[in-house]
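Ligands are counted one by one from 1 in listed order, and the atoms in each one are counted from 1 as well.
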Amino acid sequence: MDGNGRWAKKRGLPRIMGHDAAERSIHDSVELCGELGVEFLTLYAFSTENWSRPRAEVSFIMKLLSRFLKGNIEDLHRKNVRLLTTGRLSDIPEKPRNDLINALKNTEGNTGLTLILALSYGGRAEIRDAVEKVAVQVLSGKIQPDAITEETIASNLYNPGVPDPELIIRTSGEQRLSNFLMWESAYSEFYFSPVLWPDFRKDELKKAIEDYGSRGRRFGGLED
Ligand code: FPP
């Protein structure tokens, strides 16, 4: 959800107001994905690197997270959205973490869009954590080292039941992965938009999805 800070700066506002304005684009994305029958939407809300931001900004983002969960839980429920998280949830301060846990429980039976909030998430951290789990299985003799497959790693990631992303959208003109879903993105399509996240509303998301729809995916093979 890139470009919040720049969006605020352009208006002479403090950076945090950009994060505040991010919520409308989150609403739009959830709504449109639900309408289009998109099954999974992951929002990169806070990376393992974002902890190095000023304390006041981090604390504001954590408050926003709680506000978002409290203010939207009923609407998410009504929209049949199931909430999941990815990342090191134990890093998140107690209050927003408890709000998250409640929201996860509240929506676990929903069968529409799965909305995944990436929080204290890093692609390298996720792979590291998966390797640790596999190492424990090797040490206990459950698996032999030469029996480790890509599937072994994939099934030890944070959300093994969630498919790899088909499309990754990066807003605000940035053109890099920034430690997002490094394992899962091996064959993802990328869409780069110059639009800042708070302005990335339904029409922009529609454009991205339409662009994706016009692409041929070969996964390293040949087209029929
Ligand atoms: C990136 O923009 C945005 C973030 C690091 C934080 C995003 C978090 C939220 C919107 C709030 C919490 C999440 C939810 C689900 C309510 P940036 O600050 O890097 O912007 P810049 O690139 O313009 O500086």
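When only interatomic distances are considered, the shortest N/O to N/O separation between Glu174 and ligand 1 does not fall below 3.5 Å. Ligand 1 has no N or O atom lying under 3.5 Å from any N or O atom of Trp7, backbone or side chain. Taking only nitrogen or oxygen atoms, main chain and side chain alike, Leu65 does not reach within less than 3.5 Å of ligand 1.
Distances from ligand 1 to the non-hydrogen atoms of Ile61 include at least one value under 4.0 Å. Ligand 1 has at least one atom lying under 4.0 Å from a heavy atom of Gly3.
Taking the ring axis of Trp51 as reference, the NZ or CZ atom of Arg53 does not stay both within 45° of it and closer than 6.0 Å to the ring centre.
Between Arg215 and Asp211, at least one side-chain N (NZ, or NE/NH1/NH2) sits under 4.0 Å from a carboxylate O, which counts as a salt bridge. The existence of a salt bridge linking Asp28 and Arg201 is confirmed by a sub-4.0 Å separation between a basic side-chain nitrogen and an acidic carboxylate oxygen. Between Arg124 and Glu49 there is no salt bridge, since no side-chain nitrogen of the basic residue lies less than 4.0 Å from a carboxylate oxygen of the acidic one. The pair Arg24-Asp199 meets the salt-bridge criterion, with a side-chain N (NZ, NE, NH1 or NH2) lying under 4.0 Å from an Asp/Glu carboxylate O. Ion pair Glu204/Lys207 flagged as a salt bridge, since at least one NZ, NE, NH1 or NH2 atom sits closer than 4.0 Å to an Asp/Glu carboxylate oxygen. A salt bridge links Asp20 with Arg67: the closest approach of a Lys/Arg side-chain nitrogen to an acidic carboxylate oxygen falls below 4.0 angstrom.
Counting heavy atoms under 4.0 Å from ligand 1, residue Arg15 touches it through the side chain alone.
In terms of protein heavy-atom proximity, atom 14 (C) of ligand 1 is closest to Ile26 CD1, 4.0 Å. Looking only at heavy atoms of the protein, atom 4 (C) of ligand 1 is closest to His19 CE1, 3.7 Å. Counting only heavy atoms of the protein, atom 8 (C) of ligand 1 lies nearest to Ala45 O, 3.3 Å. Nearest protein heavy-atom contact of atom 1 (C) of ligand 1 is Met1 O, 3.2 Å. The single protein non-hydrogen atom nearest to atom 20 (O) of ligand 1 is Gly5 N, 3.0 Å, given as residue, atom name and distance.
Within the listing of ligand 1, atoms 15 (C) sit less than 4.0 angstrom from a heavy atom of Leu117. Close approach of ligand 1 to Ala22 (heavy-atom distance below 4.0 Å) involves ligand atoms 10 (C). Set against the non-hydrogen atoms of Arg53, the atoms of ligand 1 under 4.0 Å away are 5 (C), 17 (P), 18 (O), 19 (O). Listed by number with element, the atoms of ligand 1 under 4.0 angstrom from any heavy atom of Asn50 are 5 (C). Close approach of ligand 1 to Arg6 is summarised as follows: ligand atoms under 4.0 Å from at least one heavy atom of the residue are 21 (P), 22 (O), 23 (O).
For the side-chain hydrogen bond (donor to acceptor under 3.5 Å, both in side chains) test, no residue two or more places apart in sequence or in another chain qualifies with Trp183. Here Lys95 pairs with Asp99 under the side-chain hydrogen bond (donor to acceptor under 3.5 Å, both in side chains) rule; sequence neighbours left out.
Ser120 and Asp91 make their closest contact through OG-OD2, 2.7 Å (heavy atoms, listed as atom of the first residue, atom of the second, distance).
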